[in-house]
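Below is one structure; the comments refer to it alone.
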Amino acid sequence: MDLQPVRTRFAPSPTGRMHLGSARSALYPFLLARRTGGTFILRIEDTDRKRFVPGAEEELIEGLRWLGIEYDEGPDIGGPYGPYRQSERREIYHEHAWKLVERGHAFPCFCSPERLEQVRQQQIANKQNPRYDGACRDLDPDEARRRVRAGEKYVIRFKMPKEGSITVTDLLRGPITTDNAALDDSVLLKSDGMPTYHLAAMVDDHLMGITHVIRGSEWLPSLPLHAHVLRGFGWEEPVFVHLSVFLKPSGKGKMSKREAAEALKDGYSIFITDMKELGYIPEGVLNWIVLMGWGVPEDDIMTLDEMIARFDINHLTPSPAAVNFAKLDHFNGAHIRRLPTEDLAARIKPYFLREGLAVDDDLLLRIVPLIRERLVTLDDCLPFAAWFFRETVTPKPEELVAKGLTAAQSAEVARRACVILEALPEITPALAEPPLRAYVEQSGLSAGQVFGILRVAVTGQTVSPPLFESMEIVGKEKVLARLRAAIETLEAMK
RNA sequence: GCCCCCAUCGUCUAGAGGACCAGGACGCAGCCCUUUCAAGGCUAAAACCGGGGUUCGAAUCCCCGUGGGGGCACCA
């Protein structure tokens, strides 16, 4: 792979929440930039005031920060090519739109939206493709300029050649040739003075020195237009890479708002800030996303640094990918298991605090190794370990009764266990397991029956971290107290 | 309707004409381990969309068909 330093960008519009697609559109250019020792920038494409969503930019930035996708230049940190918010670059687009007019590649258009809509309806009725009818295309330049100066409302449209064709290359798909006749005189500068994407993105990518444009495949149909704009300015084309869309889990149809709501019902989300809330860690989310559209031969559990080392822009897949949440769980669990004890402890601590539990850090550090491989998401720490932080547990009486035994028999088991444990100087797996196993042996009961009673008595639940290690952490005194409480409960059941 | 893109196990993918009776991962099934739940180990089932070419040889190149996706705004 060519390792010349590149300049890439993530250019979202602040019109909604940051989702899977946004994250991947940021991740790939980021990886390419880091891989080549280049630069990655964040640019906000907020040229549509009607669709602007307050807080969207903040969520984007928060999402990127959480994921660990750091940009070198951006609206909040500045940089040598600013401003990085398109709404702050109006004059630049205005100037460039007119430059294109001067060069004969664009023209001012005074058609009203009403007339345009009427034309469109007419064309649809006649089964023609809806497109601009060229009314202002050949207006006398001086006349047009005079009307503009007189304050008449206008837009600037690209003057698409009527004949010929244009060939543009997408890195993943190869050269794509399109007849100019199939292209429209698209609007570049809107009547409110703001540019459309077609102008703004091309101007900014050029002015900001972007070498590789990595974006969603929804832009593929307008790639020929973009090439025309670029050539109209006489600019060199960047490398274009169009990413495939995400399909819904069934693979039938693309991910939609409705599908996002569907996912939420199953405890999943396509929104980045939700994932954090649901207990996913950035390492897991990143690993999941990076592999939708890219593949590695083996060892697909990777950290961000490992991704950077292995990333190859030439090997992305151009075909659409169905979202698979089971795989997200797998990657998340795998990365949780890789986390050092202190790190994992720090990440799960907030979940206990949120439950109103007083967390002792030393205790937490001893618990982590017991639950680490049981966590799929961080919040799984609660069902497995919240009871460690409670003074007492309240087992359900019926759960204290072992399968195949009566309450009285279960009480007897608890009593015998109590006697055995009481005789020990302290409870450790090494000290407690042999005598309890010996008891299992001579009692004729199964290990599951005996340990099951102890588990419920000590932890208050049927599913828990390993019993002996748990009892060691709880301590002899509390274990015995809980066993006695269980015996009482059992006896009261008679 | 018109234009464009895509096509390997259920899913994500490896594959750059011979190294492929197609490899990995998730999921699924079985077994092992086991005090619960996990994790881990082992095993299994599972794919080159169809048809034509090109070539000594095609998952890989070309054409057609089919299927899927995207786009046709003074939205991005």
Side-chain angles (χ1 to χ4, degrees), chain A residues 11-16 45-48 50-51 86 109 111-113 116-117 120 124 127-131 153-157 170 172-173 176 178-179 182-184 186-198 200-201 215-224 242 244-245 247 249-254 288 291-301 314-315 317-331 333-334 337 371-376 380 383-384 433 436-437 440 446-456 459 461-468:
Chain A
S13 62
T15 53
E45 311 224 323
D46 56 348
T47 55
D48 187 354
K50 294 186 283 292
R51 293 209 310 158
Q86 290 187 327
C109 167
C111 298
S112 69
L116 258 16
E117 183 53 31
R120 189 192 331 273
I124 291 171
K127 295 195 171 169
Q128 290 170 297
N129 285 337
R131 59 188 302 158
K153 278 250 177 202
Y154 72 98
V155 301
I156 290 182
R157 290 178 179 273
D170 171 89
L172 308 177
R173 289 160 251 257
I176 299 165
T178 310
D179 284 334
L183 270 18
D184 205 356
S186 302
V187 172
L188 300 180
L189 196 72
K190 300 183 269 185
S191 58
D192 65 357
M194 280 294 203
T196 60
Y197 175 90
H198 308 305
R215 48 153 45 168
S217 66
E218 66 270 21
W219 294 114
L220 214 40
S222 43
L223 179 58
H242 292 88
S244 63
V245 295
L247 270 24
S250 64
K252 305 250 180 273
K254 71 163 176 176
W288 180 50
L291 256 13
M292 284 194 278
W294 180 45
V296 293
E298 271 154 53
D299 295 330
D300 58 359
I301 303 292
N314 296 296
H315 286 256
T317 49
S319 48
V323 168
N324 181 345
F325 290 110
K327 210 151 181 166
L328 168 61
D329 282 339
H330 167 256
F331 282 121
R337 270 169 254 134
I371 63 173
R372 174 186 280 123
E373 62 237 27
R374 281 160 246 269
L375 307 184
V376 171
D380 286 341
F384 276 114
E433 191 165 354
L436 282 173
R437 286 216 181 267
V440 167
S446 75
Q449 288 173 311
V450 173
F451 297 145
I453 293 169
L454 293 186
R455 180 186 315 284
V456 174
T459 71
Q461 45 198 51
T462 54
V463 174
S464 81
L467 180 61
F468 295 106

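For clarity, every value in this text was computed on a predicted model and none was experimentally measured. All chains are named by letter (A, B, ...) in the order of the sequence lines, taking the proteins before the strands, and each is independently numbered beginning at 1.
Positionally, the nearest nucleotide of RNA chain B for A:Thr178 lies more toward the 5' end than for the other of A:Gly295 and A:Thr178. Toward the 5′ end of RNA chain B lies the nearest nucleotide of A:Ser217, the other residue of the pair A:Ser217 and A:Lys190 mapping further downstream.
The residue A:Ser191 sits close to a base: some heavy atom pair falls under 4.0 Å. Nucleic acid contact class of A:Val155 (heavy atoms, under 4.0 Å, all strands): base. At the heavy-atom level, A:Ser186 lies nowhere under 4.0 Å from the strands shown. Using a 4.0 Å heavy-atom cutoff across all strands shown, A:Pro12 reaches no nucleic acid atom at all. As judged by a 4.0 angstrom heavy-atom cut-off over every strand, A:Phe331 is placed among residues making no nucleic acid contact. Among the heavy atoms of the strands lying under 4.0 Å from A:Ala322 are primed sugar atoms or P, OP1, OP2 only; no base atom is included. In this structure, A:Pro466 reaches the bases: a heavy-atom distance under 4.0 Å links it to at least one base atom across the strands shown. At the heavy-atom level, A:Gly216 lies nowhere under 4.0 Å from the strands shown. The residue A:Arg51 sits close to a base: some heavy atom pair falls under 4.0 Å. Residue contacts shown for A:Arg372 are absent, as no nucleic acid heavy atom lies under 4.0 Å away.
Using atom C1' as the reference point in both B:U13 and B:C20, the two lie 16 Å apart (nearest Å). Spacing between B:A39 and B:C28 at atom P, rounded to whole Å, works out to 10 Å.
One finds no side-chain N or O of A:Lys327 lying less than 4.0 angstrom from the OP1 or OP2 phosphate oxygen of B:G27. The side chain of A:Arg157 contributes an N or O atom lying less than 4.0 Å from OP1 or OP2 of B:C74.
Remark: A:Asp300 pairs with no residue by the side chain to side chain donor-acceptor pair (under 3.5 Å) rule, at least two apart or across chains.
With 3.5 Å as the limit, one finds a donor-acceptor pair spanning the side chains of A:Thr15 and A:Ser13. There is a side-chain donor-acceptor pair under 3.5 Å between A:His242 and A:Arg215.
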